[in-house]
Amino acid sequence: MEGLEGEVIVVDNDSKDHSLEYLQPKFPTVRFIANKENLGFAKGCNQGMKLTTGQKVLFLNPDTILPEDCLKKCLAFMDAHPDSGALGIKMLDGSGRFLPESKRSFPSPWTSLFKLFGLSRLFPKSRIFSRYHLGHLDKNSNNKVDVLAGAFMLVKKEALEKTGGFDERFFMYGEDVDLSYRIQQAGFFNYYFADSKILHFKGESTRKGSLNYVRMFYKAMSVFVQKHYGGSRAGLFNFFIHFAIWFRAALSAVGSFIRKIGLPVLDAGLILLSFWLVKNFWNSYVRPDTNYENRLVWISFPAFTLVFLLSAYYAGLYDRWYKRAELVRTTTISIIVLLASYALLPEYLRFSRAIVLFGALLALLLVALLRWLLIKMKVLNSIKEKEELFNTVVAGTSDEYIALMKLLRSAAMDNKVIGRVQIDQINGNTIGKLEDISILAEQLSFREVIYCQGRLSFSQIIDNIRKLPAGMGIKIHASGSGSIVGSESSDLSGASVSSEAYYRLSDPYNRRLKRLVDMSFSFLMLLSSPLQLFLVKRPFSFFANCFSVLFGARTWIGYAGNGMGLPAIRRSIITANGIRSSLTQQLSAESLNMLDQWYARDYDPLDELKLLWKSYRRSGG
C-alpha cells in the first residue's frame, strides 16, 4: 500500500494459534478485531467492512501474497471503468499455476452437472462443458465475468451500500457467488483483471475433500438456489445439488474412512492373506509332510498381524503422507519385531520361520500395491518427489542468505541448503544466476527454492516462480518477517518455518513414542502393583495416575507452564524438570516457559524414560 491512502483491518475468527498476540506488536498501525467465536467468512467480512472509511474495500484472504504494484493497477483499472462494481484478479497457487476459480460463471443445473462429472476437466476450453470456470475466456485478458473469488474481491463502497455486503446466511463458500450476483443485479459489472496476479496458497480454511467441506460447499449452493432461482428450475437445481451432496459425501466418506480407520483394517486383511497364502504354498510345495493345526492358524496368524501392525504404526507407516521409503523402512522394522516375537512363542504355537519371513515380505508387496492404487484414486497423498533428503537453494543477496540460514539453523533445517542463487551483479560464492535457475535445477537436482524478498520484489518472485520446472517446491522469506511460508499445491495447506516453529514433540513419530512410553510405563506399574505399594509415596494416588494416563486423560512427563504456542499435549503429572506439576508455582513464569520450550524442542523418548525412572517414586501426586 506504499503511496496509497488506506487502512488495514484484520478480523480474527477465534483462531487458536495465538497469532494475534504475535502480530499485534509487529503491526501497530493495523486494526485487529478479535472474535470470541468463529462467525464465518461472510459475517467476519461484514464486521470489518462496517469499520472502513475508504471508497473501495478489498476483501482479502490471509493466505495470499500481493505484488507491490497490484493495488495501484487494480484501482487504476476500476477508475477507468466507471461501470465496475467489483474486481477480481488472476490467482496463482503456491507453485505458480493458474487457479481457474479466478473467473467463474453463475451456477446452473447443467454447469454444475458438467463440473460434477468431470466434463469441465476433459474439455477445459469448452464454452459449454467448462462454463463453470469460463474456460473459453483467455486467462491473460481482462473480461467481464459473473463471479469473483472471495479470496481477492475489490468492491466499490457504493456497490456494498446498495447490496448490503455479504449475506451472513453463508458461513463459508457461496458468499462470493451471492454477492457477485447481487452486484450485477444492482447495475454494476464484475471484472476479472489479468494485468496483475497474486499468490493464493489455499487450503488454510478447510480441507478440500473432507466431509465438512462437501457439506458446507453444497449447503451454500442450496442456499443460493433457493434465494435466486424459482419454479421448476429451482427444483431441478436442488435435485442436482442434493444428488451431488450424496455422491460427493459418499466418496469423501469412503476416502476419509480409509485414511483414518480403514487403512489399518485393509492392511490387516492383506497381511493375514499373505501369511495364509505362504503357509498353503509352503505346505503344498516345500514341506508337504508337515501338517499345521487349524488352532495354530487361528491363533498365530492374527497375533502375527497384530504385532506387524503395531510395529508399523509406531515406526510411522500411518503418518499423514505416504512415502515408498517409509513403507520399506517400517515394514523392515515390523519383520524384525515379528521374528523376535516369534522366537518368544511357546513351541506349540510356532510355525516355520520361513513362513513368517516370506509372509511378511508378501505383505509388503501387497500393502505397497494397495498404496499405489489409493494414490492413483487420490485417496492418499504421496510425497515421493519430496523425500526428506531433497536439496534446497536460496535466491537472495549475500546478507539475506546469511540471515535466512540463521533462521533455518534455529529450525534445524539448514542441512538441506546446497547454496545461493545470485540475483544481482555482486560477485560472491554462488551456484549460478537466478535467470538460469531451470538449467541449474537439472544440473544440481534441487527440488526447492526459497526466495528472499528484499532486493527481490514480490512481483519479481511471482514472475520467476512461473518459470520453474513442474514439481519444484516454493517458499518465500519476506524481509523482516522472521518466517518462511509456502505451499506446493492448491489442495494443500500452506507450510511455514520460523525459529519458534520447530519442535521435535510436534513430529507425529515422536508423539507416538511418547504415548507408547506413557502406556508401557503405566501398564508395567499396574502389573507390579504389590511392589509399588512399598516403593511409591501415596501409592493409591499413583495407581489413579496410572489409569488416568492409560485412558488418555494425562501424560506422565509434560509442560511446567501453560504450553502456550507449543505442541499440544495432555496435562502432565511430572514436569520436564522432574518435579510434580503441583509444585511449579514456586518457579517464575519465564523459567517455566523456557523449560517447556526446551522440552518440546529437544524431546527424546530415552530422556523421558530416564526422567520417569528417577522421579516415579514421587509421582503419586
Side-chain angles (χ1 to χ4, degrees), residues 16-18 260-261 264 309-320 330 412 500-529 531-533 535-621:
K16 303 298 185 183
D17 58 358
H18 310 287
K260 294 180 179 179
I261 303 170
L309 287 176
L310 284 174
S311 304
Y313 170 75
Y314 282 105
L317 182 59
Y318 298 106
D319 283 348
R320 180 182 172 193
T330 55
E500 298 90 356
Y502 181 78
Y503 302 104
R504 295 194 66 189
L505 195 53
S506 64
D507 188 328
Y509 177 73
N510 285 324
R511 294 176 73 85
R512 281 195 302 274
L513 289 180
K514 177 175 176 58
R515 182 66 182 144
L516 182 62
V517 168
D518 275 350
M519 294 177 65
S520 301
F521 183 79
S522 300
F523 190 66
L524 182 62
M525 292 301 103
L526 290 173
L527 280 179
S528 58
S529 54
L531 188 62
Q532 307 310 322
L533 287 170
L535 295 178
V536 177
K537 298 176 181 179
R538 303 179 65 188
F540 294 106
S541 294
F542 175 73
F543 295 142
N545 286 341
C546 287
F547 282 111
S548 180
V549 171
L550 274 178
F551 291 120
R554 303 284 294 273
T555 183
W556 283 112
I557 309 292
Y559 299 141
N562 58 19
M564 181 177 291
L566 299 174
I569 59 174
R570 298 168 178 85
R571 191 162 59 95
S572 67
I573 295 165
I574 304 167
T575 64
N577 62 348
I579 64 173
R580 291 203 310 271
S581 296
S582 57
L583 302 177
T584 56
Q585 64 267 25
Q586 300 174 14
L587 301 175
S588 68
E590 184 179 358
S591 298
L592 295 177
N593 180 61
M594 185 62 68
L595 178 67
D596 293 344
Q597 288 272 351
W598 288 339
Y599 173 70
R601 187 192 65 189
D602 303 324
Y603 176 78
D604 188 302
L606 291 178
D607 291 339
E608 185 130 318
L609 281 171
K610 292 176 185 176
L611 188 58
L612 263 176
W613 178 251
K614 288 171 60 177
S615 55
Y616 94 94
R617 295 185 66 181
R618 306 188 307 274
S619 57

Any chance you could measure [X], atom [atom1], to [Y], atom [atom2], to the nearest 0.5 Å?
| X | Y | atom1 | atom2 | answer |
| --- | --- | --- | --- | --- |
| I557 | T575 | CD1 | OG1 | 7.5 Å |
| T555 | N545 | OG1 | CG | 11.5 Å |
| N510 | D604 | CG | CG | 8.0 Å |
| L516 | R511 | CG | CZ | 14.5 Å |
| R618 | I574 | CZ | CD1 | 7.5 Å |
| M525 | L535 | CE | CG | 9.0 Å |

With sequence neighbours left out, the residues meeting ring-ring contact (aromatic ring centres under 6.0 Å, His included) with F543 are none
- Taking all non-hydrogen atoms of both residues, which atom of L513 and which atom of P605 are closest, and how far apart?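 Closest approach of L513 to P605, heavy atoms only: CD1-CG, 3.7 Å.
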Taking every heavy atom of R554 against every heavy atom of R570, the minimum-distance pair comes out as O-CD, 3.5 Å
Taken in chain and number order and not counting sequence neighbours, the residues that satisfy side-chain contact (heavy atoms from CB on, under 4.5 Å) with F523 are L527
**Report entry** Residue list, side-chain contact (heavy atoms from CB on, under 4.5 Å) with R617, at least two apart or on another chain
**Finding:**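 Scan of R617 (side-chain contact (heavy atoms from CB on, under 4.5 Å), adjacent residues dropped) gives none.
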inquiry  = Among residues at least two apart in sequence or on other chains, which ones pass side chain to side chain donor-acceptor pair (under 3.5 Å) with S522?
reply    =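 If we apply the side chain to side chain donor-acceptor pair (under 3.5 Å) test to S522, skipping adjacent residues, the hits are W556.
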Contacts of S520 meeting side chain to side chain donor-acceptor pair (under 3.5 Å) (sequence neighbours excluded), chain-then-number -> none
With side chains defined as the heavy atoms from C-beta onward, is the minimum distance between [X] and [Y] less than 4.5 Å?
| X | Y | value |
| --- | --- | --- |
| P567 | Y559 | yes |
| R515 | M519 | yes |
| D602 | L505 | no |

When you measure from the side chain of [X] to the backbone N and O of [Y], does any donor-acceptor pair fall under 3.5 Å?
| X | Y | value |
| --- | --- | --- |
| S619 | Y616 | yes |
| S615 | L611 | yes |
| D596 | A560 | yes |

- Which class fits the ring pair Y599 and Y603: parallel under 30°, tilted 30 to 60°, perpendicular over 60°?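 Perpendicular: the ring planes of Y599 and Y603 meet at over 60°.
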